[in-house]
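The figures that follow rest on heavy atoms only: side chains count, while hydrogens, waters and symmetry mates do not.
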Amino acid sequence: MSERDQQEIFDRSPDTLEPRELLEGVEKLRDNLADGYTPAWHKAEKQGDGVIALGFPTYPRWLWNGIWCGIHLTEFLGVDWQRHRDDFRFITEREAESFDLEQLATWFVVFGNLERLAEGLIGEGAEDGTVYLIARKLSDVITSDRRTMSAIAGSDWTAERQRRAERSYREQY
């Protein structure tokens with residue numbers, strides 16, 4: 001895939017991507033974090049009315065979308081992310097090597113959802129290497145399984161289509 005094609009994919013919302021594109025998003029996340037990452041922060045600033053607006057992290061699109069690609073990819077695979085949610089923490093390379101799909105799904109979901117409550121969580125996880133480790137492990141687990149790769153390659157599933165189908169079903173019954 002050309003760099004231009006890759007950019008066009010990652011300019012789209014992850015919930016509109018097909019499984020093979022989601023895997024590409026996880027791999028782009030992994031590749032961009034391989035040499036380390038330091039998040040950028042928008043500084044706190046005093047506004048015209050005297051209120052001080054707190055600082056916040058600014059993430060490149062590939063980082064935020066890569067997290068959501070991992071979430072939707074594990075959703076496509078039917079992985080239960082909830083079983084390990086109380087185990088969430090930053091991890092070492094050794095720990096990441098033993099992760100199964102459920103644990104990987106949990107870590108992606110927690111990073112994606114908790115960022116809304118704890119600004120900077122994704123940046124801290126990317127900086128300490130945890131996000132890289134889960135992206136690398138998810139890619140390795142999926143690409144080493146021929147049946148999973150076949151399912152990914154042959155599917156036009158998207159998270160958006162899944163939610164529309166579920167809404168339609170609920171409306172009918």
Side-chain angles (χ1 to χ4, degrees), residues 1 3-17 19-47 51-77 79-143 158-160:
M1 172 175 288
E3 187 149 329
R4 181 169 185 219
D5 290 339
Q6 252 192 355
Q7 187 57 46
E8 287 176 12
I9 286 173
F10 301 113
D11 283 342
R12 295 177 17 224
S13 174
D15 66 347
T16 66
L17 300 178
R20 65 180 168 68
E21 296 168 320
L22 294 170
L23 179 57
E24 290 168 11
V26 170
E27 290 172 338
K28 182 172 184 165
L29 175 67
R30 176 203 62 204
D31 295 347
N32 283 333
L33 293 174
D35 293 327
Y37 174 80
T38 302
W41 280 80
H42 184 282
K43 294 181 180 179
E45 57 186 41
K46 190 173 187 176
Q47 308 216 341
V51 173
I52 296 178
L54 297 177
F56 55 89
T58 57
Y59 300 132
R61 186 181 303 259
W62 59 261
L63 179 56
W64 184 253
N65 284 1
I67 295 288
W68 283 93
C69 283
I71 291 169
H72 294 313
L73 185 55
T74 57
E75 179 183 4
F76 165 74
L77 296 172
V79 178
D80 177 12
W81 67 271
Q82 294 185 20
R83 202 173 94 175
H84 298 285
R85 68 177 177 222
D86 293 335
D87 301 331
F88 179 81
R89 64 193 177 289
F90 294 134
I91 57 171
T92 66
E93 187 164 355
R94 187 174 185 185
E95 289 173 302
E97 287 305 314
S98 68
F99 270 28
D100 62 18
L101 277 174
E102 284 185 348
Q103 290 168 300
L104 292 166
T106 299
W107 264 245
F108 274 103
V109 168
V110 170
F111 273 117
N113 287 336
L114 276 186
E115 177 69 24
R116 298 172 185 156
L117 303 173
E119 284 187 320
L121 181 67
I122 289 174
E124 191 174 338
E127 188 170 25
D128 102 319
T130 296
V131 175
Y132 167 74
L133 293 171
I134 63 172
R136 184 182 73 187
K137 180 66 175 181
L138 182 60
S139 176
D140 290 350
V141 166
I142 288 173
T143 58
T158 68
E160 181 181 57

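Shown here are the side chain to side chain contact (heavy atoms under 4.5 Å, CB included) partners of A96, two or more places apart in sequence or in another chain: I91, L133. In this view, R85 satisfies the salt bridge (charged side-chain N to carboxylate O under 4.0 Å, His left out) rule with no residue, not counting sequence neighbours. Under the rule for a ring pair (Phe, Tyr, Trp, His ring centres under 6.0 Å), the partners of F88 that lie at least two apart in sequence or sit in another chain are W107, F111. The side chain to side chain contact (heavy atoms under 4.5 Å, CB included) check on T143 picks up L23, E27, S139, M149, with sequence neighbours excluded. Residues meeting the side chain to side chain contact (heavy atoms under 4.5 Å, CB included) test with D128, sequence neighbours left out: F90, T130.
Nearest heavy atom pair, residue G55 against residue E119, reads O-OE1, 4.0 Å. Between A126 and L63, the shortest heavy-atom contact is CB-CD1, 4.3 Å. For the pair G70 and L138, the tightest heavy-atom approach, listed with the atom from each and the gap, is CA-CD2, 4.1 Å. In terms of heavy-atom proximity, C69 sits nearest to V26 at C-CG2, 3.9 Å. When all heavy atoms of E127 and P39 are compared, the pair lying nearest together is OE1-CD, 3.7 Å.
Proximity of K137 to E93: side-chain heavy atoms (C-beta onward) are nowhere separated by under 4.5 Å. Here the side chains of V79 and F108 are not in contact, with every heavy-atom distance at 4.5 Å or above. Considering only heavy atoms from C-beta on, E115 comes within 4.5 Å of P57 through its side chain. Between L77 and I142 there is a side-chain heavy-atom pair separated by less than 4.5 Å.
Panel note: side chain T158, backbone L17; no donor-acceptor pair is recorded below 3.5 Å. At distances below 3.5 Å, not a single donor-acceptor pair connects side-chain atoms of S13 with backbone N or O atoms of T16. For the pair Y132 (side chain) and G36 (backbone), a donor-acceptor distance under 3.5 Å is absent. With hydrogens and angles ignored, the 3.5 Å screen pairs no side-chain donor or acceptor of E45 with any backbone N or O of I52.
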Side chain to side chain contact (heavy atoms under 4.5 Å, CB included) between V109 and L114, worked out: CA-CA 8 Å; V109 168; L114 276 186; over 6 Å; no

Stepwise side chain to side chain contact (heavy atoms under 4.5 Å, CB included) test for Y59 and N65: CA-CA 10 Å; Y59 300 132; N65 284 1; over 6 Å; no

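Between the CD atom in E75 and the CG atom in D15 there is a gap of 9.5 Å [rounded to 0.5 Å]. Rounded to the nearest 0.5 Å, atoms NE2 (H84) and CG (D100) are 5.0 Å apart. Once rounded to the nearest 0.5 Å, the distance linking CD of Q103 with CZ of R83 reads 8.0 Å. Distance check: T106 OG1 to I71 CD1 gives 11.0 Å after rounding to the nearest 0.5 Å. The CD atom of E24 lies 11.5 Å from the CG atom of D31; values are rounded to the nearest 0.5 Å. Rounding to the nearest 0.5 angstrom, the gap separating the CD1 atom in I134 from the CZ atom in F99 is 8.0 Å.
Other residues, nucleotides and ligands contribute over 12 non-hydrogen atoms within 6.0 Å of the CZ atom of R89.
Within the structure, side chain to side chain donor-acceptor pair (under 3.5 Å) pairs that include any residue of residues 32-43 do not occur (at least two apart or interchain).
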